[in-house]
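Have a look at the structure below, then the notes.
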Amino acid sequence: MSQYSRFKKKYPDFLLLFMMGDFYEMFYEDAEKASYLLDITLTKRKTGIPMAGIPVRSVDTYLDKLIKKGVNVAVCDQMNSSSLDFKNRKVMDRAISRLVTPGTITEDKFLSARENNYLMALSIPNDIKPYKQDITNLPVGMVWTELSTGHIFFASGRLGTLEADLARIAPREILVPPQLLDLQKEFREVISRFTVNLRQHKRLDLDEVLEIFPNFDFSLTNNDEKESFKTLLGYIHETQIG
């Protein structure tokens with residue numbers, strides 16, 4: 001289980017599908033969560049560790065169900081065909097082959113032709129002291145994209161109007177700076193209606209952004225929008241494996 005634990009430590013907020021022969025197995029809390037969400041049997045290993053599994057041949061069917069329920073999934077595949085390297089007595093090599101999240105999917109089989117599938121990033125100023133008297137006026141930078149089309153949108157809003165903005169844009173997944181949840185109880189209630197990712201993601205620096213978009217004019221965006229854009233691109237870079 002040390003190999004499984006190593007991958008789970010790297011992707012703690014992803015449900016980890018761990019390939020073992022003809023099945024993807026899940027363990028511990030992931031097994032319990034998958035059993036509930038997918039209506040599959042929850043069993044235990046001899047050591048008492050909870051486990052649940054799905055057939056490799058049916059993985060896309062289960063991924064579709066998990067995506068619709070707002071679950072991030074990491075798929076860990078075997079890199080060779082036998083459970084052990086018998087010559088060297090080594091555990092099979094495995095690697096994360098896919099990271100699947102509601103806002104980063106691009107395959108038509110997982111998308112609806114009637115709805116947009118937006119991934120959004122939010123950012124706020126580093127110094128919020130000037131807005132303490134009326135936190136609803138706190139600026140919020142918003143950038144969102146649909147990876148299947150490549151369209152990217154920028155906007156600036158205020159914390160007090162964010163609920164209306166989110167209802168209008170209807171993102172499938174939102175990258176939220178954790179400090180934003182500490183500002184207002186009402187905001188936590190609003191954001192809970194969406195698939196939210198609270199991790200501190202790597203932001204691409206300006207040079208990295210310009211390598212991707214060499215003709216992008218940053219003078220057309222404010223600081224909060226720039227930070228959201230760098231977070232958005234960093235997350236896309238992280239989740240698009242291969």
Inset, instruction - Check whether any side-chain heavy atom of Pro171 lies under 4.5 Å from a side-chain heavy atom of Leu166, and answer yes or no. - result: yes
Legend entry - Pair Asp30 + Lys8, salt bridge at N-O below 4.0 Å: yes
Inset, instruction - Give the cluster check for Phe14 versus Val75: same hydrophobic cluster or not, with ILVMFWY residues linked at side-chain heavy-atom distances below 4.5 Å. - result: no
Inset, instruction - Heavy atoms only: give me the nearest Arg94-Cys76 pair and the separation to one decimal. - result: CB-SG, 3.7 Å
Inset, instruction - Flag the pair Lys230 and Glu225 as a salt bridge only when some basic side-chain nitrogen lies within less than 4.0 angstrom of an acidic carboxylate oxygen. - result: no
Inset, instruction - Show your working on side-chain contact (heavy atoms from CB on, under 4.5 Å) between Ile96 and Leu16 and close with a plain yes or no. - result: CA-CA 9 Å; Ile96 299 296; Leu16 180 59; 3.9 Å; yes
Inset, instruction - Can you label the angle between the Phe18 ring and the Phe7 ring as parallel, tilted or perpendicular, going by 30° and 60°? - result: tilted
Inset, instruction - Please name the pair of heavy atoms, one in Ser35 and one in Ile40, separated by the smallest distance, quoted to 0.1 Å. - result: OG-O, 2.7 Å
Legend entry - Ile135 CD1 to Ile128 CD1 distance, which is reported to the nearest 0.5 Å: 5.0 Å
Legend entry - Within 6.0 Å of CD in Glu107, more than 12 heavy atoms from elsewhere: yes
Legend entry - Basic-acidic side-chain contact under 4.0 Å: Arg158, Asp224: no
Inset, instruction - To the nearest 0.5 angstrom, please state how far the OH atom of Tyr4 sits from the CE atom of Met51. - result: 10.5 Å
Legend entry - Heavy-atom pair of closest approach, residues Ala52 and Ala31: N-CB, 3.6 Å
Inset, instruction - Scan side-chain atoms only and decide if Gln240 and Tyr235 contain a donor-acceptor pair under the 3.5 Å cut-off. - result: no
Legend entry - Leu122 CG to Ile174 CD1 distance, which is reported to the nearest 0.5 Å: 6.0 Å
Inset, instruction - Report yes if the side chains of Phe27 and Pro50 come closer than 4.5 Å at any heavy-atom pair, otherwise no. - result: no
Inset, instruction - Identify the two heavy atoms, one from Phe23 and one from Pro55, that lie closest to each other, and give their separation to 0.1 Å. - result: CD2-N, 3.7 Å
Inset, instruction - For side-chain contact (heavy atoms from CB on, under 4.5 Å), just list the numbers for Ile152 and Phe229, CA-CA rounded to whole Å, side-chain angles, deciding distance to a tenth of an Å, and then say yes or no. - result: CA-CA 9 Å; Ile152 301 175; Phe229 190 36; 4.0 Å; yes
Legend entry - Common cluster, Phe110/Leu147, ILVMFWY with side-chain heavy-atom separation under 4.5 Å: no
Legend entry - Salt bridge Lys109-Asp64, side-chain N to carboxylate O under 4.0 Å: no
Legend entry - Residue of the set Ile169, Val143, Leu232 for which side-chain contact (heavy atoms from CB on, under 4.5 Å) holds with Met120: Ile169
Inset, instruction - May I have the step-by-step check of side-chain contact (heavy atoms from CB on, under 4.5 Å) for Leu42 and Glu32, ending in yes or no? - result: CA-CA 7 Å; Leu42 179 68; Glu32 295 170 350; 4.0 Å; yes
Inset, instruction - For Asp13 and Asn72, work out which heavy atoms get closest and say how close. - result: O-CB, 3.9 Å
Legend entry - Distance (rounded to the nearest 0.5 Å) between Met19 CE and Glu25 CD: 11.0 Å
Inset, instruction - Just do the side-chain hydrogen bond (donor to acceptor under 3.5 Å, both in side chains) check on Ser2 and Ser5 with the steps written out, would you? - result: CA-CA 5 Å; Ser2 60; Ser5 299; over 6 Å; no
Inset, instruction - Establish whether Tyr11 and Met1 are linked, either directly or via other cluster members, by ILVMFWY side-chain heavy-atom contacts under 4.5 Å. - result: yes
Inset, instruction - State whether a side-chain donor-acceptor pair under 3.5 Å links Tyr118 with Asn116. - result: yes
Inset, instruction - Drop me the distance from Asp39's CG to Tyr62's OH, to the nearest 0.5 angstrom. - result: 9.0 Å
Legend entry - Straight-line distance of Ser97 OG to Gln78 CD, nearest 0.5 Å: 11.0 Å
Legend entry - Between Ser58 and Thr61, a side-chain donor and acceptor under 3.5 Å: no
